[in-house]
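Here the structure comes first, spelled out in structure tokens, and everything after it is commentary.
These numbers were taken from a predicted model, which means no experiment stands behind them.
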Amino acid sequence: MRRLFLRLHRYAGLAIAFFLVVVGLTGSVLAFYEELERWLNPQLFTVPVRATPPLDPLALREQAEALVPQAHVDSVPLERKPGEAFIGWLTPKTDPVTGQPFALRHDQLFLDPYTGEPLGSRRWGEVSLTKENLLPFLYVMHYKLALPGEIGVWLFGLVALIWTLDCFVGFYLTLPCGRPFWNKWKPAWRVKIGAGAYRINYDLHRAAGLWVWTMLFVLAWSGVAFNLSDQVYTPVMKLFFEMQDHDLPKLAQPLDAPGLSWREAHAVAKRLMAEQSAQHGFSIEREIWLWYDREQGVYYYAVRSSRDVGRDGRTQIVFDANTGVLKDLSLPSGQYAGDTVTHWLTSLHMARVFGRPMQVLVCAMGLVVAMLSLTGIIVWLRKRRVRTGRVIFLR
């Protein structure tokens, strides 16, 4: 059995090593995504703070649509932070002549929140190493290798699944045979600094994997949640936890002219959220965003509440865009155990909890993941050379 697991660990590690190196190195950078975006592109993300208050976000949305008449702006950030630009996400309208979506050069438009004047634009995730596109490019590299369509999402989801299973296989292989158990297991947690290069490499691979095993599992399993949620993650989690089904059906045709205007929808959203707050016993701290889904004919409204587990606001309601009837409530914690676990996993993965120390930890974990993959390859190469009679001593 041990020999079987050793082979599984070896070949699983070799199969996903390249992807984990990419995931680890890009993840180290993305732990500070927002800070690095503002540092690299202050002309897009920051403006001088003025004495007058910023414009209403819904008015800024209208300004963004006026600047790009071929596009909808269906997501409105409602949280106003002094000195931060308004970001309008652009989705193409349908060309009445061709019946096809307009071709847009950019899908992000940055506006001065005090005046509504454009600060710049870009296509998020474009394959480019310019400072405007570097961070989004690393982001899409991190979760789908910047491959087109859903190919990369599925591929990295499979990698995350293999990684999750291999976490348990690797842990099993560190366990000793026989007794006394702890005395035999204790060396697996140590790195013999005075040993040769190969022994240090082997100890790093084994000991580092043990010391950070819990976080490795969190990163791997949450990766499955991001990329293979419906296919793998949710069905497995439902075996152990109660989870809410948040899927809403799509309309036969997109609803381009909802019955509720944006301002009416905002008023309805605040009323519905206040009702849910009273009914479920949570407090509302601040608004986060309002988003219209044309495919489903609904508005999504998110706030930061006392049920949130990280710095993001994921307390969310969904309501009909014509009637204002509530369709769904999603609470990050305290509603369904499976949803609570999921929000904790994804928040840990994205370093959205525990402030700066967690960002540093996730950054370091990215380097550890890359190191474990590289040291594992070195272990395999050394053993392969021994088996084939080509022994190369590392000193």
Any donor-acceptor pair under 3.5 Å from Asp320 side chain to Thr323 backbone: yes
Side-chain H-bond candidate by donor/acceptor type, Thr315 with Asp308, under 3.5 Å: yes
Side-chain donor or acceptor of Ser347 paired with backbone N/O of His343 under 3.5 Å: yes
Distance-minimising heavy-atom pair for Ala160 and Ala220: CB-O, 3.6 Å
Validation row, ring centre Phe110 to ring centre Phe45 under 6.0 Å: yes
Donor-acceptor under 3.5 Å (Arg304 side chain, Gly310 main chain): yes
Full working for side chain to side chain contact (heavy atoms under 4.5 Å, CB included) between Leu134 and Leu138: CA-CA 6 Å; Leu134 178 60; Leu138 292 179; 4.3 Å; yes
Side-chain (Asn41) to main-chain (Gln43) donor-acceptor, under 3.5 angstrom: no
Any donor-acceptor pair under 3.5 Å from His72 side chain to Thr91 backbone: no
Co-membership, hydrophobic cluster, residues Val309 and Met237, 4.5 Å side-chain: yes
Heavy-atom side-chain proximity of Leu145 to Val22 below 4.5 angstrom: yes
Ile288: hydrophobic cluster co-members (side-chain, 4.5 Å): Leu248, Trp289, Trp291, Val298, Tyr300, Val318
Parallel, tilted or perpendicular, as decided by the 30° and 60° cut-offs, for the rings of Tyr233 and Trp221: tilted
Derivation of the side chain to side chain contact (heavy atoms under 4.5 Å, CB included) call for Tyr301 and Leu78: CA-CA 10 Å; Tyr301 176 65; Leu78 299 173; 3.7 Å; yes
Leu326 with Ile284, same ILVMFWY side-chain cluster at under 4.5 Å: yes
Check: Asp293 side chain, Gln296 main-chain N or O, donor-acceptor pair, under 3.5 Å: yes
Distance-only polar pair, side chains of Tyr292 and Ser75, donor-acceptor under 3.5 Å: no
Side-chain H-bond candidate by donor/acceptor type, His280 with Arg307, under 3.5 Å: no
Side-chain (Ser222) to main-chain (Ala225) donor-acceptor, under 3.5 angstrom: no
Ring centers of Tyr139, Tyr33 separated by less than 6.0 Å: yes
Other residues, nucleotides, ligands: >12 heavy atoms within 6.0 Å of Lys250 NZ: no
Mutual orientation of the aromatic rings belonging to Trp185 and Phe181 [parallel < 30°, tilted 30-60°, perpendicular > 60°]: tilted
Minimal non-hydrogen separation, Gln359 against Ala31, with atom names: NE2-O, 2.9 Å
No-hydrogen, no-angle side-chain donor-acceptor test under 3.5 Å, Thr346 and Arg314: yes
Phe19 reachable from Val140 in the ILVMFWY side-chain graph, under 4.5 Å edges: yes
Salt-bridge contact Asp203-Arg190 (side-chain N to carboxylate O under 4.0 Å): no
Inter-residue atom distance Arg271.CZ - Gln276.CD, 0.5 Å rounding: 10.5 Å
Sidechain-backbone polar pair: Glu65 side chain, Val73 backbone, donor-acceptor under 3.5 Å: yes
Test item: Ser277 side-chain N/O and Phe282 main-chain N/O as donor-acceptor pair under 3.5 Å: yes
Residues Asp312, Arg352: salt bridge by 4.0 Å N-O rule: yes
Path from Leu367 to Met141 over hydrophobic side-chain contacts below 4.5 Å: no
Heavy atoms of other groups near Arg7 CZ, more than 12 under 6.0 Å: no
Aromatic plane relationship, Trp213 with Phe168 - under 30° parallel, 30 to 60° tilted, over 60° perpendicular: perpendicular
Heavy-atom closest pair, residues Leu329 and Ile317: CD1-CG2, 3.7 Å
Between Ser333 and Thr340, a side-chain donor and acceptor under 3.5 Å: no
Ionic contact status for Glu126 with Arg122, cut-off 4.0 Å: no
Heavy-atom closest pair, residues Leu20 and Ser373: CB-OG, 3.3 Å
Stepwise side chain to side chain contact (heavy atoms under 4.5 Å, CB included) check, Lys144 with Trp154: CA-CA 8 Å; Lys144 67 171 190 175; Trp154 279 83; over 6 Å; no
Atom pair CZ/NZ of Arg286 and Lys81 - distance to nearest 0.5 Å: 6.5 Å
Heavy-atom check, side chain of Leu255 versus side chain of Asn322, under 4.5 Å: yes
Minimum-distance pair of heavy atoms, taken over all atoms of Phe86 and Arg61: CZ-N, 3.9 Å
Check: Thr130/Asn133 side-chain N/O donor and acceptor closer than 3.5 Å: yes
Nearest-0.5 Å distance that lies between atom CG in Leu216 and atom CG in Leu219: 6.5 Å
ILVMFWY cluster, Val23 and Val127 together (side-chain gap under 4.5 Å): yes
Check against side chain to side chain contact (heavy atoms under 4.5 Å, CB included), Arg80 and Asp56: CA-CA 9 Å; Arg80 307 185 198 184; Asp56 175 35; 3.5 Å; yes
Side-chain donor or acceptor of Thr375 paired with backbone N/O of Leu372 under 3.5 Å: yes
Aromatic ring proximity Phe156/Tyr143, centre distance under 6.0 Å: no
Test item: Leu173 and Arg2 side chains (from C-beta on) under 4.5 Å apart, heavy atoms: yes
pair Tyr172-Val169: side-chain heavy atoms closer than 4.5 Å: no
Within 6.0 Å of NZ in Lys93, more than 12 heavy atoms from elsewhere: yes
Over 12 non-hydrogen atoms of neighbours within 6.0 angstrom of CZ in Arg105: no
Reported CG-to-OH distance for the pair Asp74 and Tyr299, which is rounded to 0.5 angstrom: 8.5 Å
4.5 Å side-chain heavy-atom contact, Met358 and Leu348: yes
Sub-4.5 Å side-chain heavy-atom contact between Leu331 and Tyr336: no
CG-CD distance between Leu135 and Glu34, expressed to the nearest 0.5 angstrom: 10.5 Å
Interatomic distance, Ile378 atom CD1 to Tyr202 atom OH [nearest 0.5 angstrom]: 14.5 Å
Gln244 versus Asp328, side-chain donor and acceptor atoms under 3.5 Å: yes
Parallel, tilted or perpendicular, as decided by the 30° and 60° cut-offs, for the rings of Trp182 and Trp189: tilted
Partner set under side-chain hydrogen bond (donor to acceptor under 3.5 Å, both in side chains) for Gln63, not counting sequence neighbours: none
